[in-house]
2 protein chains.
Amino acid sequence: MVITRATEYAVRTVVFLAQQEKNEIVLKKDICRTQDVTPAFLTKILQPLIKAGIVSSQRGVGGGFLLAKDPEQITLLDIFQAEEGQLKLNHCLVDVDVCHRDAYCSAHEVWYEAQMQMAQVLKSYSVSDLVKRQHEKLTQLKKCAP
Amino acid sequence: MVITRATEYAVRTVVFLAQQEKNEIVLKKDICRTQDVTPAFLTKILQPLIKAGIVSSQRGVGGGFLLAKDPEQITLLDIFQAEEGQLKLNHCLVDVDVCHRDAYCSAHEVWYEAQMQMAQVLKSYSVSDLVKRQHEKLTQLKKCAP
DNA sequence: ATTCCGTTGCTCGTGTTATAACCACGCTGA
DNA sequence: TCAGCGTGGTTATAACACGAGCAACGGAAT
């Protein structure tokens, strides 16, 4: 019942990309160095982001990664779903017909409501929100311990 | 990122117990038969419920299980936490100090908010709510296909 | 003694978290 | 134009943890 490391790294990576100058291409190893991820694992994490249209990539010399959309257009839910597939709290919430009890199982609806609330929160934050917040936090930090 | 089967079975079991006459003791095998759980697995599921003070048990001839509290006093969150421990969406939300980034990681707060929303939903439903709903659903069903 | 539940340990499958080897693409300079 | 190098892309694999379930034995109550 936890989000995976892959999702966490993916969020970090996208936020990092959003912090670069627009259209600036970033090397994989620079992402790794700054975000504490190993190159091999980062490769695996980036592919779903690319397929979801969140990140784009460029091969060859001078190649690397960059955001494929505006940071305002990317929500945390997008990143989550790119890595983990559709959000579901219980199997019966997605694979319809799997649960023959769902006609009378009242828990079903509660799981559904909890899931919707969670999705709502994740959808309400864009990557640019995160970048802004992070900036604020860092300037706060500097004030406290300059 | 899904609830475990144990939690699902636990909810079913508690709802089933709540549907009995007050203080009626139910045999393990009757729970198994009605709730589609194997005895061996149910054994494992019931223990955390007992330790959490949700269910109590009676050994020996005529023994079995019954609710230890009023169904109004038991929330879905109680059952969830009995089976899966404290709800946490990300490791860094419980094991403080594990994440050295949390001072500036803005995703941290979003996971926290999503988690709180979810907990709020689970806390807002008691077992007696579920029993009531289930009863309504069943009478609806009978109306449609008598 | 019988009928219950309690505890423990085990297996087996699946998902997470990587790692590594090899492949495909594209720029660049001879 | 083409060889070579520097990129990311794909796929196979492995270690490990956890979920899910099973079984056997132990202990309490009647």
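In the text below, chain A, chain B and the rest are named by the order of the sequence lines, each starting its count at 1. Atoms considered below: every heavy atom in the structure, side chains included; atoms not considered: hydrogens, waters and symmetry mates.
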Can you check whether Leu89(A)'s main-chain N or O pairs, donor with acceptor, with Gln115(A)'s side chain at less than 3.5 Å? yes
Using a 3.5 Å distance criterion without hydrogens, assess whether the side chain of Thr34(B) forms a donor-acceptor pair with backbone atoms of Asp30(B). yes
Heavy atoms under 4.0 Å, any strand shown: does [X] hit a base, just sugar-phosphate, or nothing?
{"X": "Gly64(A)", "result": "sugar-phosphate"}
{"X": "Lys28(A)", "result": "sugar-phosphate"}
{"X": "Leu27(A)", "result": "sugar-phosphate"}
{"X": "Leu46(A)", "result": "nothing"}

Note: Arg12(A)-Glu8(A) ion pair, threshold 4.0 Å (strictly below): yes
Check Lys22(A) with Asp70(A), please: is the shortest side-chain N to carboxylate O separation under 4.0 Å? yes
dist Lys69(B):NZ -> Ile74(B):CD1 (nearest 0.5 Å) comes out at 6.0 Å
Once rounded to the nearest 0.5 Å, what's the spacing between atom CG of Leu66(B) and atom CG of Leu17(B)? 7.5 Å
Are side-chain N/O atoms of [X] and [Y] paired as donor and acceptor at under 3.5 Å?
{"X": "Thr13(B)", "Y": "Gln35(B)", "value": "no"}
{"X": "Ser126(B)", "Y": "Glu72(B)", "value": "no"}
{"X": "Lys137(A)", "Y": "Ser106(B)", "value": "no"}
{"X": "Glu109(B)", "Y": "Tyr125(A)", "value": "no"}

Within this structure, what is the [atom1]-to-[atom2] distance between [X] and [N], rounded to whole angstrom?
{"X": "Asn90(B)", "N": "dT16(C)", "atom1": "CG", "atom2": "C1'", "result": "14 Å"}
{"X": "Leu49(B)", "N": "dC5(C)", "atom1": "CG", "atom2": "C1'", "result": "14 Å"}
{"X": "Ile45(B)", "N": "dG6(C)", "atom1": "CD1", "atom2": "C1'", "result": "15 Å"}
{"X": "Lys44(A)", "N": "dT17(C)", "atom1": "NZ", "atom2": "C1'", "result": "8 Å"}
{"X": "Ile3(A)", "N": "dT17(C)", "atom1": "CD1", "atom2": "C1'", "result": "14 Å"}

Hydrophobic cluster membership, Ile25(A) vs Ile54(A), 4.5 Å side-chain cutoff: no
Assigning hydrophobic clusters by single linkage (Ile, Leu, Val, Met, Phe, Trp, Tyr; side-chain heavy-atom cutoff under 4.5 Å), is Trp111(B) placed with Val2(B)? no
Just the endpoints, please: which first and last nucleotides of DNA chain D, 5' to 3', lie under 4.0 Å from a heavy atom of chain B? dA20(D) to dT30(D)
Residue met sooner reading DNA chain D from 5', once Met1(A) and Gln47(A) are mapped to nucleotides: Gln47(A)
Nucleotide N/O to protein N/O under 3.5 Å, stretch nucleotides 21-30 of chain C:
| unit_1 | atom_1 | unit_2 | atom_2 | d |
| --- | --- | --- | --- | --- |
| dC25(C) | O4' | Arg59(A) | NH2 | 3.4 |

For a side chain to side chain contact (heavy atoms under 4.5 Å, CB included) with Phe16(A), tell me which candidate from Val11(A), Val131(A), Ile31(A), Leu67(A) qualifies. Ile31(A)
Mind running a 4.0 Å heavy-atom check of residues 10-25 of chain A against DNA chain D and sending the residues that fall below it, in number order? none
Sequence neighbours excluded, which residues qualify as salt bridge (charged side-chain N to carboxylate O under 4.0 Å, His left out) partners of Glu83(B)? none
Using a cut-off of 6.0 Å, state whether more than 12 heavy atoms not belonging to Tyr112(A) lie near its atom OH. no
Looking at Met1(A), I'd like to know if its CE atom is crowded, meaning that more than 12 non-hydrogen atoms belonging to other residues, nucleotides or ligands lie closer than 6.0 Å. yes
Every stem of 3 or more Watson-Crick or G-U pairs under 3.5 Å that DNA chain C joins, in order of first number, is C:1-30 with D:1-30
Considering only heavy atoms, which members of residues 32-42 of chain B lie under 4.0 Å from some atom of DNA chain C? none
